[in-house]
Amino acid sequence: MRDLFVYNSLSRKKEKFEPITPGQIGMYVCGPTVYSDVHLGNVRTFMSFDIIYRYLLYLGYKVRYVRNITDVGHLTDDGEDRMSKGAKKDQLEPMEVAHKYTVGFHDMMRIFNTHSPSIEPRATGHIIEQIEMVQAILDNGYGYEANGSVYFDTLSFMKDHPYGQLSGRVVEELFSETRDLKNQNEKKHPSDFAIWMKASEEHIMKWNSPWSLGFPGWHLECSAMSTKYLGKNFDIHGGGNDLKFPHHENEIAQNIGACKCSPANYWLHTNMLLMNGKKMSKSDGNTITPVQLFTGDSPHVSKGYDPMVVKFFMLQAHYSSTIDLTDDGLLAAEKGYKKLMEALKILKGLQTQSQAGAMDAEFERIMEEMHQNMSDDFNTPKVIANLFEIVSKINGLKGGQLDISELSDSCLTKLKETLSTFVFEILALKEELGGDNNSQTLDGLMGLILDIRRKAREEKNWETSDKIRDTLSALKITVKDGKDDSQWSLN
RNA sequence: GGUCGCGUGGCCGAGGGGCUAGGCAGAGGUCUGCAAAACCUCGUACGGCGGUUCGAGUCCGUCCGCGACCUCCA
């Protein structure tokens, strides 16, 4: 199997990837909290891990990809459970809220053409496992109970294990943090965190436990579910950069605290999606929903963009870099995306009889680079650069600037397969924009229309040929005349 | 304030001691009934100032600017 290198947040280095069990990978990614519509930033993160998942599969690994749904346990600023808050707002039962937004999340993931994970466990479905983990942490002396709530004892933990390694946090500094959080007085140390919370009277989602009628701390679900489905030690743990601290840090502490072993060998973090140079934020209006992006119904964009254009735009940046979402950037991505798709269509139609070709080596080189770039921490921007190198050549081959007889049949076949795999299976872009209007009927009609236009042009009947082109243009169909034939595409 | 990261040509965005990233926009040319597309050529870009080095956009120091995290966050 080809060597794979990944940037490990834990070591802050790029490392050669070595699975625990040869040929198999366990990967856990922190999923969304389903209390409101999916945020575009979530989309970027899950899209990035989808491509990582797909490439691992492509390399031949058997991958168990676990991505949770958080439907309980997150505290808001005022100490209220996020699910309950959403419920009050919408006049719905908490589980109704969770279900509604889970469905919405799945729909959006489908729109962006991502695979479903292997397992998608819910926090509320694993309360027992979480209670057991709290007990294990208590048994190991890394937790304490206070008024029915249970806290993780960071100082006690630090006597035996390092804490703060992932996020570079120094616990002593957390002393200086004076926060006015609820139940702060129950904690022995500011860096301690709740693993079980006693529920207040008005709290809706609560369960029985040895300590109180309450609910699990929000870092606990991932510890419990990753352990349940991937084992105490697994290969990859992923999530957004903003989860590094406190969430991932505490997750590690809980896993070690409960079973004395570090959960994941490789921690991968996706970076933030910015807009206008700042992190998207609902509170200051610096945000756009995926749907607004598709329809163009937002002051931040001049028009609507196809989900695949949005995806292509995101893939032009590395997953570990921030990307600034701008209208100019999207416009540029849209043109590039169309150019790529056009070239892929042209490639399909290319044929050659040659047995050996002078250009083979060049194409082989680029295809090899694509593999290397993808294996180098999933460098999609470089892969896209490789694709455009090939796009120029495909167009050159069609336009006659390059001679197809210098390309062997076997190399051309391989090129078709490789590009198709990379573009449609690994990057998981879709060929056609605008949904389902590329029916057979449309194909047939366009074939007929362009045939009539071709005859008109042969007769130099420009009036007719231009009328056809202009009318089609008004219907958002672009006609481009090539040397021998004309091509059409939907705008 | 603490921790981490970033600052690349008009815009986006890779790379990360000597080797053309790429896309979009722009200029010139080829092709063409016109248009569009395509193809060819063109930009000596790496925040400022020092330092290391035969050589720095790439390493080190420093300053400036920006962002993320430190509190729910993908």
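Each chain gets a letter, A, B and so on, in the order the sequences are listed, and its residues count up from 1.
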Q. Does A:Lys303 come within less than 4.0 Å of A:Asp327, counting only side-chain N to carboxylate O?
A.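 Here A:Lys303 does not pair with A:Asp327 in a salt bridge, since their nearest N and O are not under 4.0 Å apart.
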### Ion pair A:Glu369/A:Arg365, N-O distance below 4.0 Å
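Yes, charged N to carboxylate O under 4.0 Å.
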Interatomic distance, [X] [atom1] vs [N] [atom2] [rounded to whole Å]:
| X | N | atom1 | atom2 | result |
| --- | --- | --- | --- | --- |
| A:Leu325 | B:C11 | CG | C1' | 14 Å |
| A:Ile51 | B:A74 | CD1 | P | 19 Å |
| A:Leu330 | B:G13 | CG | P | 11 Å |
| A:Asn373 | B:G16 | CG | P | 10 Å |
| A:Asn250 | B:C72 | CG | P | 10 Å |
| A:Asp376 | B:G16 | CG | P | 7 Å |
| A:His248 | B:C70 | NE2 | C1' | 16 Å |
| A:Asn271 | B:G13 | CG | P | 12 Å |

Compare the minimum distances between each of [options] and the side chain of [X], then state the nucleotide with the smallest one.
| X | options | result |
| --- | --- | --- |
| A:Met272 | B:A14, B:G22, B:A68 | B:A68 |
| A:His318 | B:A74, B:A35, B:A14 | B:A14 |
| A:Gln316 | B:G33, B:G23, B:C39 | B:G23 |
| A:Lys339 | B:C39, B:A14, B:C70 | B:C39 |
| A:Ile323 | B:A74, B:G13, B:C70 | B:G13 |
| A:Gln401 | B:A74, B:G13, B:A38 | B:A38 |
| A:Trp462 | B:C70, B:A14, B:G33 | B:G33 |

Taking 4.0 Å as the cut-off, does a side-chain nitrogen or oxygen of [X] come that near to OP1 or OP2 on [N]?
| X | N | result |
| --- | --- | --- |
| A:Lys335 | B:A25 | yes |
| A:Asn395 | B:C39 | yes |
| A:Ser392 | B:A38 | no |
| A:Lys382 | B:A14 | no |
| A:Asn379 | B:G15 | yes |
| A:Lys393 | B:C39 | no |
| A:Ser48 | B:A74 | no |

Taking the nucleotide of RNA chain B with the nearest heavy atom to each, does A:Phe313 or A:Thr270 sit closer to the 5' end?
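In this pair, the answer is A:Phe313.
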Residue met sooner reading RNA chain B from 5', once A:Pro246 and A:Leu273 are mapped to nucleotides |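 Nearest-nucleotide comparison on RNA chain B picks A:Pro246.
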Watson-Crick or G-U counterpart of [N], or none if no pair lies under 3.5 Å:
| N | answer |
| --- | --- |
| B:C4 | B:G67 |
| B:G61 | B:C49 |
| B:C72 | none |
| B:A38 | B:U30 |
| B:A14 | none |
| B:U44 | none |

Considering every strand and a 4.0 Å limit on heavy-atom distances, what is the contact class for [X]: base, sugar-phosphate, or nothing?
| X | answer |
| --- | --- |
| A:Ser465 | base |
| A:Gly400 | nothing |
| A:Lys398 | nothing |
| A:Asp466 | base |
| A:Arg12 | sugar-phosphate |
| A:Gly399 | nothing |
| A:Val29 | nothing |
| A:His269 | nothing |

Ignoring hydrogens and angles, answer whether the base of [N] and the side-chain atoms of [X] contain a donor-acceptor pair closer than 3.5 Å.
| X | N | value |
| --- | --- | --- |
| A:Asp328 | B:C24 | no |
| A:Arg169 | B:C4 | no |
| A:Arg469 | B:A35 | yes |

- Compare all side-chain heavy atoms of A:Phe378 with those of A:Leu4 and state whether any distance is below 4.5 angstrom.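 Result yes, sub-4.5 Å side-chain heavy-atom pair found.
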Close side-chain approach of A:Thr270 to A:Asn241, heavy-atom, < 4.5 Å =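 With C-beta onward as the side chain, the pair stays apart.
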Checklist entry - Are the ring of A:Phe388 and the six-membered base ring of B:G23 within the stacking cut-offs of under 5.5 Å and under 30°? => result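 A:Phe388 vs B:G23: stacking no.
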Does a sphere of radius 6.0 Å around CD in A:Gln372 hold more than 12 heavy atoms from other residues, nucleotides or ligands, not counting ones at 6.0 Å or beyond?
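Count over threshold, so yes.
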Notebook entry, point to check: Can you check side-chain contact (heavy atoms from CB on, under 4.5 Å) on A:Leu273 and A:Met314, steps first, answer last?
Noted result: CA-CA 9 Å; A:Leu273 178 65; A:Met314 291 182 179; 4.0 Å; yes
Next on the checklist: For the C1' atoms, the ones on B:G15 and on B:C6, what distance do you get once it is rounded to whole angstrom?
Outcome noted: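 Between the two C1' atoms, the distance is 15 Å.
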Taking atom C1' in both B:G65 and B:U8, compute the distance separating them and give it to the nearest angstrom.
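It works out to 15 Å between them.
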Please determine whether side-chain contact (heavy atoms from CB on, under 4.5 Å) holds for the pair A:Ile111 and A:Phe294, giving the CA-CA distance in whole Å, both sets of side-chain angles, and the decisive distance to 0.1 Å. CA-CA 11 Å; A:Ile111 286 169; A:Phe294 304 155; 4.0 Å; yes
- In this structure, which one of A:Tyr28, A:Phe49, A:Tyr266 forms a ring-ring contact (aromatic ring centres under 6.0 Å, His included) with A:His237?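 The option that passes is A:Tyr28.
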Item to complete: Give the C-alpha distance, both sets of side-chain angles, the deciding distance and a yes or no for side-chain contact (heavy atoms from CB on, under 4.5 Å) between A:Thr70 and A:Tyr35.
Response: CA-CA 9 Å; A:Thr70 296; A:Tyr35 65 96; over 6 Å; no
